[in-house]
Chemist: 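Structure below; questions to follow.
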Amino acid sequence: MSPIPVIIDTDTAQDDCVTILLGLLDPRADLRAITMVAGNVGFDQQVANAHLTLNVAGRLGQVPVHVGCRAPILREWESAEDVHGDGSGGLSMDLTDASNAEEHAVNALLRLTAEAPGELSIVAIGPLTNIATAVVMDRTFASRVKSLYVMGGSNNGRGNITPSAEFNFYVDPEAAQVVLDAGFPQLTIIPWAPLTLRDATFARPEYERLYAPGTPLARFFRRMCDATIDYDESVGVEGSTHPDSLTLATLLHPELVQDSAPYRVDVDTVSPLTRGMSSMAWAKFGRTPNATVVERVDRSGFYALLASLLATPTEPSRPVAGLG
Ligand code: RIB
Ligand code: CA
């Protein structure tokens with residue numbers, strides 16, 4: 001099975017970093033580019049987190065990092081710094097000449113898919129601003145994407161940034177709706193609830209076992225994720241949450257998916273109360289599906305995948321202050 005060519009569109013913090021590590025080190029992945037979108041934490045911090053992640057894997061400068069949309073389409077940017085801190089646990093490195101690609105992320109998405117129509121998959125694990133902008137700039141873009149995997153929304157379940165909305169769909173609900181209406185030939189959605197909360201949230205003892213190997217990746221993982229698990233436990237989420245890495249994992253390892261179904265998915269862009277809320281209509285409602293929503297994954301298989309990833313020995317390209 002040849003590696004899967006993939007682009008990761010990300011608001012790089014915490015589990016976004018784990019996703020990049022999986023894209024770099026999983027033998028089934030051929031990570032072609034990283035495209036940055038406004039989301040979790042300050043944009044420049046996100047970009048630094050992306051280079052830091054490449055660096056810890058010993059791959060600094062080996063995957064192009066394209067800077068994308070620095071704000072949602074219509075809304076004011078809202079951060080999740082209360083959840084993630086700076087997204088990398090205060091780690092730092094010499095970023096001298098750790099340069100970003102010249103090309104804007106949206107232009108890179110359009111070019112790369114035009115150069116290889118029907119071959120590239122995109123894993124979108126932040127607000128969908130870049131993806132939606134590519135759709136609006138070129139209405140043939142969606143048809144050129146082999147598969148789009150999106151971390152977003154909840155399957156008729158609780159939100160996280162509000163009672164009804166998940167963060168990625170909440171930050172840029174208009175972008176989410178543009179993407180949902182764009183006619184991507186294969187759109188798969190990994191939702192927050194119930195899926196992430198049940199199958200991709202690891203309680204403190206499981207979390208500690210993930211970084212027990214003490215490799216550079218394991219130490220990096222702990223520094224990135226400590227702030228988030230502390231926050232999550234403080235708000236009643238029972239552990240370290242990994243929806244982004246699960247999104248890439250289901251592309252690379254489809255055998256992890258135990259249940260999924262076609263749904264018509266839409267996002268509320270009107271009401272202040274339920275802004276960003278996802279409506280996921282299952283077959284009963286007779287709507288034409290626009291996405292496959294993953295309903296259940298092999299939790300222990302996903303956990304084992306992360307454990308194996310973090311145990312991988314790597315030699316950081318440059319020293320990382322604070323990594324120990
Ligand atoms: O709601 C979960 C999403 O927002 C993930 O992409 C994670 O990065 C969080 O910030
Ligand atoms: Ca994310």
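Note that ligands are numbered from 1 as they come in the structure, with each ligand's atoms numbered from 1 the same way.
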Chemist: Can you count the protein N, O or S atoms that lie less than 3.0 Å from the Ca ion (ligand 2)?
Modeler: 5
Chemist: Within a reach of under 6.0 Å around CD of Glu102, are more than 12 heavy atoms found that belong to other residues, nucleotides or ligands?
Modeler: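 Check fails, neighbour count at 12 or below.
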Chemist: Under 3.5 Å, side chain of Gln46 to main-chain N/O of Val37, donor-acceptor pair present?
Modeler: yes
Chemist: What pairs of residues pass the salt bridge (charged side-chain N to carboxylate O under 4.0 Å, His left out) test when at least one of them lies in residues 85-98, not counting sequence neighbours?
Modeler: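 Non-adjacent pairs meeting salt bridge (charged side-chain N to carboxylate O under 4.0 Å, His left out): Asp97-Arg318.
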Chemist: Would you say the rings of Tyr149 and Phe184 are close, in the sense that their centroids are separated by under 6.0 Å?
Modeler: no
Chemist: Show the nearest heavy-atom pair for residues Pro185 and Lys146, with the distance to one decimal.
Modeler: CG-O, 4.4 Å
Chemist: Listed by chain and number, what are the side-chain hydrogen bond (donor to acceptor under 3.5 Å, both in side chains) partners of Thr250, not counting sequence neighbours?
Modeler: none
Chemist: Strictly under 6.0 Å, is that where the ring centroids of His242 and Phe221 end up?
Modeler: yes
Chemist: Is it true that Arg111 and Asp138 make a salt bridge, defined as a side-chain N closer than 4.0 Å to a carboxylate O?
Modeler: no
Chemist: Contacts table for ligand 1: protein N or O within a distance under 3.5 Å of ligand N or O, distances only.
Modeler:
unit_1   : atom_1 : unit_2 : atom_2 : d
ligand 1 : 1 (O)  : Asn160 : ND2    : 2.8
ligand 1 : 1 (O)  : Glu166 : OE2    : 2.6
ligand 1 : 6 (O)  : Ile125 : O      : 2.9
ligand 1 : 6 (O)  : Asn168 : ND2    : 3.0
ligand 1 : 6 (O)  : Asp244 : OD1    : 2.6
ligand 1 : 6 (O)  : Asp244 : OD2    : 3.1
ligand 1 : 8 (O)  : Asp16  : OD1    : 2.9
ligand 1 : 8 (O)  : Asn40  : ND2    : 3.0
ligand 1 : 8 (O)  : Asp244 : OD2    : 3.0
ligand 1 : 10 (O) : Asn40  : OD1    : 2.1
ligand 1 : 10 (O) : Asn40  : ND2    : 3.4
ligand 1 : 10 (O) : His84  : NE2    : 3.1

Chemist: Using 4.0 Å as the upper bound for N to carboxylate O, is an ion pair formed by Arg204 and Asp230?
Modeler: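 Result for this pair is yes, salt bridge flagged.
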